[in-house]
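See structure below.
Everything numeric in this text was worked out from a predicted model, so none of it was measured. Protein chains get the first letters and strands the later ones, always in sequence-line order, with residue 1 at the start of each.
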4 protein chains.
Amino acid sequence: MTKDNILNSALQLYATEGYHGASMAKIAKGAGIKAASIYFFFKNKEALFQELFQHVLMEHFAYVRRSMEHVLKSGEDVETMIRTLFSTVSDYHRRHAAETRAYIALVTAPPIMAQPILKNHMQSFDQWLTSTLALILKEECLSTQEYETISELIVLQMDGLFWELNFYDDEKIKKQTDVAIHFILFYLKQLQD
Amino acid sequence: MTKDNILNSALQLYATEGYHGASMAKIAKGAGIKAASIYFFFKNKEALFQELFQHVLMEHFAYVRRSMEHVLKSGEDVETMIRTLFSTVSDYHRRHAAETRAYIALVTAPPIMAQPILKNHMQSFDQWLTSTLALILKEECLSTQEYETISELIVLQMDGLFWELNFYDDEKIKKQTDVAIHFILFYLKQLQD
Amino acid sequence: MTKDNILNSALQLYATEGYHGASMAKIAKGAGIKAASIYFFFKNKEALFQELFQHVLMEHFAYVRRSMEHVLKSGEDVETMIRTLFSTVSDYHRRHAAETRAYIALVTAPPIMAQPILKNHMQSFDQWLTSTLALILKEECLSTQEYETISELIVLQMDGLFWELNFYDDEKIKKQTDVAIHFILFYLKQLQD
Amino acid sequence: MTKDNILNSALQLYATEGYHGASMAKIAKGAGIKAASIYFFFKNKEALFQELFQHVLMEHFAYVRRSMEHVLKSGEDVETMIRTLFSTVSDYHRRHAAETRAYIALVTAPPIMAQPILKNHMQSFDQWLTSTLALILKEECLSTQEYETISELIVLQMDGLFWELNFYDDEKIKKQTDVAIHFILFYLKQLQD
DNA sequence: GATGAATGAGGATTCATTCAT
DNA sequence: CATGAATGAATCCTCATTCAT
């Protein structure tokens, strides 16, 4: 459908040139139509952006959540769960490179109107992550202090991996993911001894 | 000096709106002059950008390197050195927020002409970091395998902290820096036992 | 009927924004349909305009003529006839505010194609008005000179009232109408003495 | 000067096509420059309009006031003063046809932002006219009632002449002006007997 | 009858840049 | 050093119109 072509084209451009660099003409060309036609589907540039941005955030969130819910229900051990958490997120980004790059570009030089959506999303994600970590770690007999520290640690590793998506190739990212997982599990084990 | 005003104004704009969002008129206004006057100091928009970008990268590199050389020469223990490495980088970014945000914006949606400079810089920095880590860890009797793992770990923590600069306030960044340092040292200690 | 809705919507827009300000999209929205649908009823924007314009002029002319014919046939005295002439015109405009405002907007900044219609209408109206005034005044025993002067005077009062429709409210317009009538009758009486 | 050329060109276009019909490109062409250059002198289309509109209103007001002050000071009789009032206004409009037509076009289909300026101006003009009429008529020994009637009558004649500017040629306008003056004086004389 | 989808032309405005002063 | 004045190209967006459904 034309609308999807527009959204896709916009996504690619946001990924490589940011919001300001993605002109309506370029987006249209990428979608195989003329610039004027975009306005049949979207009120203006901002509305197109908002719809796309929101969609990208939703998709990512939904995917990660679904994947984790699945694992949590299956009653696996901590190691498997943490491994799944990291590889799910990492895989998602590796397989949705354009979305991820667009997301990063938009987060780091966000058009003003993106900021509320973004803030909202980050809050939701943080909240979800916190409660998910609680579920993962609930049988590990950790003190509050220990629990908080390990949570912060996990977030730090995820953020590190995320930033590295900008530079490293698949191979290296996979390796860094393993390092992160390994490290977290290692620390967890030490705590329990 | 006027030239510095121009560079400063450009930096602020790159930080908040990215390369495409920073028009010559806006830069000029921020510098208290008219757009035409910029051309007395810079051949064109690209030249201005290049000079500024190069300068920002240099400054950062030079600062971190100087700071680490100082510590390395003073023959402190591993802990101090790692602590210095992290807090130097972290402090620099916290105190040069505009430069950092501009850097991030430009890295994540880089105008084509920035890419060689960027690649070049990253290579140099990686190289320097690797050799510096070698110096820091040289007395710790690590196997090659262990050395590599811990290097990757350190880089991962640095990258995590860097990405978090986008969202967290000073307080939280400081805390996350402490978490990073704490765990690296912890891991190092475990390896040695 | 849809066609009437379109004409009505166009009328409102011509009244408030003139010909250039009345886009097909706005007209359609006002009629509760999509712009494309207008083309089922009208060949193009110009044809819609022409039909509407002609209709507005006709209606007004027909109304005033009908009303005056009625009075003329009833064989009233001069005063009543002049009073009727003025109040008929004045009332019509007050009760057809949109038509009147559209008419004024179109007369004062007329799209080229409107000008022949307009010229035609004005000629007809002038002609009718002249012959009507002749009928009204025929029993007043006026010299040609006197007759011409009083005709010009009447036209001048009508034009004054018409222009004032742009600014004054109903109340004031009614009052000014009375002033005009009073003045004309006064002058007429003086002539006869 | 270029700025004046722009204002002049805009004036002509407003006169013939109204605000909506006067595109920046057309205005620029009339001024012998390119559309982009207009923005060096005016912030945007609205600002250009406002400046021009205000200027037109001021000029007219100032001219009429100056002219009347002159006559009032010279202590002429009523007849001369009324004659001067009408011919001054009439002459001004006949000699500033473009300004007048632009004024009419803008008043009858006014862009929203023009309305406060317009309202303001009309109030000022009304006020001035009222007080001027008071000065003109002060020695005529009129009752309040009579004074008010004759004031309204004068305004009505002026409005009629103004509207007729849209259609009649110079010759006819002059004649109608004479008719108006003649009748006002006539009415005044009758009152005094 | 009505609309979804599309477009070429033109609208206002911004942009980087030039050049004479 | 700095700017006033100018512009071609590109920006976002609206317009009237078409055509298949």
Side-chain angles (χ1 to χ4, degrees), chain A residues 1-3 5-6 19-29 31-49, chain B residues 1-3 5-6 19-29 31-49, chain C residues 1-3 5-6 19-29 31-49, chain D residues 1-3 5-6 19-29 31-49:
Chain A
M1 229 227 301
T2 302
K3 188 169 176 178
N5 293 340
I6 295 170
Y19 179 74
H20 289 289
S23 75
M24 298 302 263
K26 284 189 213 164
I27 294 173
K29 181 167 262 182
I33 56 171
K34 306 291 165 178
S37 304
I38 296 179
Y39 293 85
F40 180 76
F41 298 96
F42 302 94
K43 191 174 168 282
N44 53 29
K45 200 189 175 186
E46 186 175 326
L48 161 55
F49 169 75
Chain B
M1 232 228 300
T2 301
K3 187 168 177 180
N5 292 340
I6 295 171
Y19 180 72
H20 287 289
S23 74
M24 297 300 264
K26 282 191 214 162
I27 294 173
K29 179 168 262 184
I33 54 171
K34 304 287 168 184
S37 307
I38 296 179
Y39 292 83
F40 182 79
F41 300 97
F42 302 94
K43 189 173 166 279
N44 54 27
K45 201 192 177 188
E46 188 175 325
L48 160 57
F49 169 76
Chain C
M1 228 229 300
T2 302
K3 188 169 177 178
N5 293 340
I6 295 171
Y19 180 73
H20 288 290
S23 74
M24 297 300 263
K26 282 191 214 162
I27 294 173
K29 180 169 264 183
I33 55 171
K34 303 289 168 184
S37 307
I38 296 180
Y39 291 84
F40 182 81
F41 300 95
F42 302 94
K43 189 174 165 278
N44 53 28
K45 200 192 175 186
E46 189 176 323
L48 161 55
F49 169 76
Chain D
M1 230 228 301
T2 302
K3 189 170 176 179
N5 294 338
I6 296 170
Y19 180 73
H20 288 291
S23 75
M24 296 304 262
K26 284 190 213 160
I27 294 173
K29 182 167 262 181
I33 55 170
K34 305 292 163 172
S37 304
I38 296 179
Y39 292 85
F40 180 75
F41 299 96
F42 302 94
K43 193 175 166 284
N44 53 30
K45 198 187 176 185
E46 187 176 324
L48 161 55
F49 168 76

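A straight line from NE2 of C:His20 to P of F:dA16 spans 11 Å, rounded to a whole angstrom. Taking atom CE of D:Met24 as the reference point, atom P of F:dA10 lies 21 Å away to the nearest angstrom.
Proximity of B:Thr2 to the phosphate of F:dA2: a side-chain N or O atom is located under 4.0 Å from OP1 or OP2.
Each of B:Lys45 and D:Ala25 was matched to the nucleotide of DNA chain E holding its nearest heavy atom; the match closer to the 5' end belongs to D:Ala25. Annotation: of the two residues near DNA chain E, A:Met1 and D:Glu46, the 5′-most nearest-nucleotide partner is A:Met1.
The nucleotide range of DNA chain E contacted by chain D, defined by atoms under 4.0 angstrom from heavy atoms of the protein and reported 5' to 3', is E:dG11 to E:dT14.
Remark: the backbone N or O of B:Met24 is not paired with any side-chain donor or acceptor of B:Lys29 at under 3.5 angstrom. With hydrogens and angles ignored, the 3.5 Å screen pairs no side-chain donor or acceptor of C:Lys43 with any backbone N or O of C:Leu48.
Counting only heavy atoms from C-beta outward, the side chains of D:Asn5 and D:Ile33 never approach each other to under 4.5 Å.
In this structure, D:Phe41 CZ and D:Thr2 OG1 are separated by 4.5 Å, a value rounded to the nearest 0.5 Å. Once rounded to the nearest 0.5 Å, the distance linking CD1 of B:Ile27 with CD1 of B:Ile38 reads 5.5 Å.
A cation-pi geometry, defined here as NZ or CZ lying under 6.0 Å from the six-membered ring centre and within 45° of its normal, holds between C:Lys3 and C:Phe42.
Scanning residues 31-43 of chain A for heavy-atom distances under 4.0 Å to DNA chain F yields A:Ala36, A:Tyr39.
The side-chain hydrogen bond (donor to acceptor under 3.5 Å, both in side chains) check on C:Lys34 picks up nothing, with sequence neighbours excluded. C:Phe49 meets the side-chain contact (heavy atoms from CB on, under 4.5 Å) test with C:Tyr14, C:Tyr19, C:Phe53, C:Leu106, C:Pro111, C:Met113, C:Ala114; sequence neighbours excluded. In this structure D:Lys26 satisfies the side-chain hydrogen bond (donor to acceptor under 3.5 Å, both in side chains) test together with D:Glu17, sequence neighbours excluded.
Smallest separation of non-hydrogen atoms from A:Ala35 and A:Ala25: CB-CA, 4.2 Å. Contact between D:His20 and D:Lys45 at its shortest, heavy atoms only, is O-NZ, 4.3 Å.
With a 3.5 Å limit on both pairing distances and Watson-Crick or G-U wobble geometry required, the stems of 3 or more pairs in DNA chain F span E:2-21 with F:2-21.
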